[in-house]
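Notes follow once the structure below has been shown.
Values below: all heavy atoms of this structure, side chains included; hydrogens, waters and symmetry mates excluded. Nothing here was measured: the structure is a model prediction, and the numbers come from that model.
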Amino acid sequence: MSLSWPAIAGVFALLSVYVVRALTPPPNLRHLPKVPLIPLLWSYFSGEVEDVRIKRLILPFAKEGTEGAVLVYAFGRWIVHVIDHKIVKDLSANIALWPKEEPQDEMLLWRFVGKTNVILSNGMNWQRHSRVVRSALGRTIPIADFVLLSKKLFSVMGSGGRLVWDDLTMRFTLDAVGATTFGHDFQAITDVNSPFVKDYNRVMDGIASPLYIVFPKLETWIPRHSVVKKIDALVSMFGDLLEAKKNNMANDMLSYMLEDPEMTDTDFRDNMVVFFIAGHDTSAGAMSSLVYYLAKDQDMQAQARAEVLAALGDDDPDAQNMRNMPFTQACIREALRINTPITYMVPRASAEPALLTAANGKTYFLPPHTSVILNICAIHHNDTYWPNPHTFDPSRFMGQSAADKDRIDASPWL
Ligand code: HEM
């Protein structure tokens with residue numbers, strides 16, 4: 001059967017109408033400032049790094065405190081990005097009014113992370129997960145395990161030469177999460193062929209395909225069976241770890257969580273994946289940035305090194321001597337600010353109409369069920385609160401004056 005030209009033209013016209021409608025903000029959001037669509041799509045498809053995109057396309061709206069919220073096209077819809085710290089604080093203080101959104105079914109990230117975990121749940125359900133997670137986190141700060149792993153890492157690094165530091169930090173934090181959270185040795189530091197590292201990287205590369213992130217509906221129309229298969233295999237490896245743990249309880253977070261009678265196997269598995277991602281990608285990013293900025297500034301590096309050596313003497317780090325490193329702590333906070341490992345919070349939406357008020361008094365009316373994302377990266381680079389935001393300057397976190405405290409207050413996260 002062949003299609004006539006009028007039929008082809010009709011299909012094309014219908015498709016065009018659909019695409020234009022999908023890419024146009026809904027009428028009840030058109031009063032909000034909007035990041036221009038074409039440069040945004042170009043940025044997604046050209047593979048521009050996320051924080052570069054934010055600084056280039058979103059941050060100009062926050063320049064000198066002009067706007068506190070802006071519409072951004074992502075995940076197949078228009079979402080309000082909050083770029084003002086006052087709005088973030090107001091929302092965070094009223095979390096019951098702003099529940100996390102139901103995750104989009106088609107997005108493969110949720111197939112991997114699952115939906116019954118602390119990061120995506122709300123209300124009573126969140127309280128249930130949070131109670132178990134907090135009690136497990138609060139039991140122990142396994143500094144001795146981190147010291148052992150650091151020594152292992154140093155022995156692999158040897159006495160110098162060319163090293164790929166961000167790869168090493170990833171391996172270090174993977175083993176740190178393995179040891180302290182699951183009581184399992186992924187052998188990521190010592191084994192460059194560690195199956196978990198390879199499988200995890202493959203899965204994340206598949207999930208992060210720009211086309212599917214921008215248009216998640218494509219997962220339904222043009223399913224990616226091979227990525228789904230890899231995700232399912234990795235999730236089933238977590239299931240195996242869980243089963244093995246049940247017969248080998250030890251001094252790790254998963255064992256503590258398993259003591260809770262209310263949690264199901266799905267709860268445990270989904271929280272394991274959250275810990276795995278939340279615990280290792282984030283910390284690896286933070287360690288990479290810190291070392292990068294200290295490598296670039298030899299004076300700061302020398303100052304941090306002298307402080308650490310003076311605080312430790314011949315001892316290994318512990319909770320006590322780590323308190324005597326104010327400059328190093330400031331460097332860590334500044335590294336987290338300038339290159340924040342988590343760019344966005346999970347999207348939230350209120351069932352009620354809402355009026356958001358920015359620090360400069362500007363207001364934004366949001367109709368019910370508008371998707372809202374707190375944009376941590378944009379807030380950490382707002383030049384009203386962080387002068388020269390692209391400069392690494394730990395002194396921002398050393399000052400004790402009211403102005404310093406006010407500025408530090410400009411990040412709800414640091
Ligand atoms: C530098 C390192 C880290 C950064 C920057 C970071 C950042 C964050 C942020 C911004 C959130 C809030 C997400 C949201 O609600 O939308 C979060 C939540 C969470 N993080 Fe981290 N994180 C780090 C390390 C870790 C580690 C090491 C673990 C555990 C091993 C962890 C476990 C969690 C958990 C369980 C939650 C959910 C908490 C809840 O919803 O009650 N994170 N993290």
Side-chain angles (χ1 to χ4, degrees), residues 20-37 39-41 43-44 50 53-55 57-107 110 119-123 125-126 213-217 340 342-382 384-385 409-413:
V20 170
R21 279 183 61 177
L23 295 178
T24 308
N28 59 3
L29 292 181
R30 286 188 198 152
H31 58 286
L32 295 167
K34 180 184 89 168
V35 172
L37 185 65
L40 193 58
L41 291 180
S43 164
Y44 288 134
E50 194 151 46
R53 176 188 316 133
I54 290 172
K55 287 170 195 158
L57 296 175
I58 300 183
L59 214 49
F61 287 86
K63 194 97 192 125
E64 286 148 19
T66 349
E67 298 289 358
V70 58
L71 270 183
V72 180
Y73 188 83
F75 313 129
R77 62 214 162 105
W78 288 90
I79 301 180
V80 173
H81 277 227
V82 171
I83 53 178
D84 172 90
H85 74 281
K86 181 181 170 300
I87 302 181
V88 169
K89 287 190 170 176
D90 291 349
L91 256 67
S92 310
N94 223 336
I95 228 67
L97 248 187
W98 291 94
K100 295 164 208 162
E101 275 189 327
E102 191 65 26
Q104 283 168 278
D105 275 337
E106 55 274 18
M107 285 187 73
W110 307 131
I119 216 107
L120 293 178
S121 51
N122 283 301
N125 228 349
W126 174 79
I213 292 219
V214 179
F215 302 114
K217 275 271 173 248
T340 176
I342 294 213
T343 317
Y344 311 115
M345 302 280 281
V346 173
R348 293 177 174 269
S350 170
E352 310 287 329
L355 194 67
L356 310 180
T357 308
N360 65 1
K362 201 159 181 174
T363 55
Y364 302 86
F365 173 75
L366 304 191
H369 308 294
T370 305
S371 300
V372 173
I373 277 185
L374 310 185
N375 188 321
I376 307 177
C377 175
I379 286 167
H380 283 176
H381 292 85
N382 186 326
T384 310
Y385 299 95
D409 207 32
S411 168
W413 298 280

With Ile342, which residues qualify under side-chain contact (heavy atoms from CB on, under 4.5 Å), at least two apart?
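Counting only residues at least two positions away or on another chain, Ile342 forms a side-chain contact (heavy atoms from CB on, under 4.5 Å) with Thr282, Ile376.
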I'd like to know if the side chain of [X] reaches the main chain of [Y], judged simply by a donor and an acceptor atom lying under 3.5 Å from each other, with no hydrogens or angles considered.
X	Y	answer
Asn382	Lys63	no
Tyr364	Gly68	yes
Lys100	Ser121	yes
Glu67	Pro33	no
Thr370	Leu366	no

Check [X] against [Y] and note the closest heavy-atom contact, atom names and distance.
X	Y	result
Pro103	Leu120	CG-CD1, 3.8 Å
Asp84	Lys86	OD2-N, 2.9 Å
Thr384	Ala62	OG1-O, 4.4 Å
Leu374	Ser92	CD1-OG, 4.5 Å
Asn375	Ala378	OD1-N, 2.9 Å

Taking the inter-plane angle between the rings of Tyr344 and His81 on a 0 to 90° scale, is it parallel (under 30°), tilted (30 to 60°) or perpendicular (over 60°)?
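Judged by the thresholds at 30° and 60°, the geometry between Tyr344 and His81 is perpendicular.
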Option from Ile95, Asn94, Ile87 for which side-chain contact (heavy atoms from CB on, under 4.5 Å) with Leu91 holds
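The option that passes is Ile87.
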A side-chain contact here means heavy atoms from C-beta on lying under 4.5 Å apart; do Ile79 and Val372 qualify?
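No - every pair of side-chain heavy atoms lies 4.5 Å or more apart.
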Suppose the criterion is salt bridge (Lys or Arg N to Asp or Glu O under 4.0 Å): which pairs have a residue in residues 343-358, not counting sequence neighbours?
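Counting only pairs at least two positions apart or across chains, no salt bridge (Lys or Arg N to Asp or Glu O under 4.0 Å) contact touches residues 343-358.
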Any ion pair linking Arg77 and Glu101 (charged N to carboxylate O, less than 4.0 Å)?
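Counted as a salt bridge, because a side-chain N and a carboxylate O are separated by less than 4.0 Å.
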